[in-house]
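Just so it is clear, the model here is predicted, and its values are computed rather than measured. Ligands are counted one by one from 1 in listed order, and the atoms in each one are counted from 1 as well.
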Amino acid sequence: MNSAITDPLGCGEALMQLLADYGVDTVFGMPGTQTLELYRGIARAGIRHVQCRNEQGASLMADGYARATGKPGVCALVTGPGVTNAATGIAQAYCDSQPMLVISGAGFTASLGKGWGTVHELDDQRAVTASFTAFSAMVQRPDELPELVARAFAVFRSSRPRPVHLSLPWDLVPQKAGAGWTVRRTPSRPQADPMAIAEAAELLAGATRPLLLLGGGAVGTGAHARGIAERLGAVVLTSNAGKGILPESHPLSLGCSMLQKPSQRALAEADMVLLVGCQVAEGDHFLPHLDISGAIVRIDIDPKELIAQYGAAVAIQSDALPAMAALDRALSLCAVTKPRAGGEAWAQDIRARNVASMTAQEQRHARVWQMLRQALPANTLVMGDMSQLVYSGAFAFPVEQEQCWIYSGTYCALGVALPMAIGASIGAPYRAVVAVAGDGGLMFTVNELATAVEERLALPVIVWNNDALQEIAQQMDQRAIPRVGVEPRSPDFIKLAEALGCHAVRAASADHLAQALGAALQADRPTLIEVREDSPWLAG
Ligand SMILES: Cc1ncc(C[n+]2csc(CCOP(=O)(O)OP(=O)(O)O)c2C)c(N)n1
Ligand SMILES: [Mg+2]
């Protein structure tokens, strides 16, 4: 008979019930001996559990879920290898400011740090994740947990979101929880200082060649970004995380083209840059430092960002939405309306020079992205891996909406696209989600196709196959380094995907690719679609 229902609740049950009360409906994970009582809690709270094939998949799925829903992705891991396997996904979420709650086991309290050779032993598990989490805590007593969970949700909802890791010793999880396990109110978010907004508005109003640079922190501010840009006749550039905040067909848009030299020059030539929720991170432009010589008005929720790398003339610590709304209003009240024609002509010229600067290889990539654009719904969420096709997609795949393009160029870890797409597809089942990965990148996490099959996800997984780790191979060629370690033998992707339970097809023409994508989005399982770079139908 069922002896699982205990009253009062054990810590594992109380924790999962509390998370459900905070709105958690899904946990990505892999159980083990030390987390059994957590799993009793998952079952009791009615939370959906998605079983990864390796904990790296769990943390990446949690990240993908967070990006598709705006809610924290949650993973449940065993101590030791569960945590170290998951490190890549946690560190990526840290780099990209994503909310993630990592709950893991830990050894017996008495054994922690002693080096007794306990199973899954790590000398200091808290320290392992401390450098890529907002905070990492080894829980000492059950009554600490409600406050730690509240603190995690304060990070997720009220400041720059980042992962949080709670380690639960084996002997703590079954203990009686006690009272006080209730949801605590989330703190309000920081709002811009009106004096700083007035100063920023005055500076921007005096600009002759203004440029807006929007990052992931500016998501949700599209209407105000558009209002400000149109009022100032400013051109608008985005990072990968900000792609689509302004529809890329807008005449003032430069799209997500920080990789392209003419856009980099525009950034250097602008006399005023409004930089919103954007790190200007290397992963977006592949340079040690971008040249920004104009004065900078910077808006960011994190004070560290406001003084990082590029000094700002006005540095506004705020949630981006109220700051952009206030700036838009301030510019409208002082009736600033610059002629848009100058900015539009400048944008048109930069766009034309960006197109002219594309290499033959980038043009081939652009043809693929045009085909995908035509075949996919406008709000499709594309998860990109670290493949040359994806680097070009930043500027060659036009989007009209924000949060349709995810490329994690800062942590830049191969293999992330497939598990992130699984998490996104689970979080947003009504939305088309597509993973795009190279032949090298896919092999890092190809095992998670089994998870996608189990979850019956209508997920197209596009493999860009050039039989090489081509980005690195070409860098070796350029430096006359012999090709060492860049031509791994790939499996037959079609057979591999079929063996894991997927549909699989090799695209034989543009029409075939479109038809395969259409079918994949309606299927009862994932579909691997192999696109070979040397396909004759992709030749110009
Ligand atoms: C975990 C990890 N290891 C190594 C690298 C270095 N790296 C960057 S791109 C790349 C090649 C990727 O090959 P593939 O996925 O086939 O894409 P392609 O460049 O061929 O389009 C490598 C090895 C990385 N980014 N991440
Ligand atoms: Mg490759």
Give the atoms of ligand 1, by number and element, whose distance to some non-hydrogen atom of Tyr391 is under 4.0 Å.
-> 9 (S)
Glu471: numbered ligand 1 atoms lying under 4.0 Å from its heavy atoms = 19 (O)
Under 4.0 Å, heavy atoms only, figure out whether ligand 1 is touched by the backbone of Ile472, its side chain, both or neither.
-> side chain
Flag for Tyr39-His49: side-chain donor and acceptor within less than 3.5 Å = yes
Specify the protein heavy atom at minimum distance from atom 11 (C) of ligand 1: its residue, its atom name, and the distance to 0.1 Å.
-> Leu469 CB, 3.6 Å
Can you list, pair by pair, the side-chain donor-acceptor contacts under 3.5 Å of residues 480-490, counting residues two or more places apart and other chains?
residue : atom : partner : partner atom : Å
Arg483  : NE   : Asp477  : OD1          : 3.1
Arg483  : NE   : Asp477  : OD2          : 3.3
Arg483  : NH1  : Glu487  : OE2          : 2.8
Arg483  : NH2  : Asp477  : OD2          : 2.7

Side chain, backbone, both or neither: which part of Ala468 comes within less than 4.0 Å of ligand 1 when only heavy atoms are counted?
-> backbone
One finds that the ligand 1 atoms under 4.0 Å from a non-hydrogen atom of Phe444 are 1 (C)
Close aromatic pair by centroid cut-off 6.0 Å: His512 and Trp537 = no
Rounded to the nearest 0.5 Å, what's the gap from CG on Asp284 to CG on Leu290? Could you check?
-> 9.0 Å
In the protein, which heavy atom is nearest to atom 25 (N) of ligand 1, and how far is it?
-> Cys412 O, 2.9 Å
Centroid-centroid distance, Trp369 to Trp464, less than 6.0 Å = no
Ligand 1 to Gln388, heavy atom cutoff 4.0 Å, flagged ligand atoms 18 (P), 19 (O), 21 (O)
Which residue holds the protein heavy atom closest to atom 5 (C) of ligand 1, what is that atom called, and what is the gap in Å?
-> Leu414 CD1, 3.7 Å
By number and element, which atoms of ligand 1 are closer than 4.0 Å to a non-hydrogen atom of Asp439?
-> 16 (O)
Between Leu418 and Leu449, is any pair of side-chain heavy atoms under 4.5 Å apart?
-> yes
N/O/S from Gln470 sitting under 2.8 Å away from the Mg ion (ligand 2) | no
Just do the side chain to side chain contact (heavy atoms under 4.5 Å, CB included) check on Val436 and Asp385 with the steps written out, would you?
-> CA-CA 6 Å; Val436 181; Asp385 215 85; over 6 Å; no
Find all atoms of ligand 1 within a distance of less than 4.0 Å from any non-hydrogen atom belonging to Gly440, and give their numbers and elements.
-> 14 (P), 15 (O), 16 (O)
Would you tell me whether Thr118 and His120 have side-chain atoms, one donor and one acceptor, within less than 3.5 Å of each other?
-> no
Side chains of Gln475 and Glu471, donor plus acceptor under 3.5 Å = yes
With a cut-off of 4.0 Å, which atoms of ligand 1 are near a heavy atom of Gly441?
-> 14 (P), 15 (O)
The atoms of ligand 1 lying under 4.0 Å from a heavy atom of Asn466, numbered in the order shown, are 18 (P), 20 (O), 21 (O)
Would you call Leu381 and Gln403 a side-chain contact if the rule is heavy atoms closer than 4.5 Å?
-> no
What does the angle at the Mg ion (ligand 2) come to, between atom O of Ala468 and atom OD1 of Asp439, rounded to 10°?
-> 110°
Any Tyr411 heavy atom less than 4.0 Å to ligand 1 | no
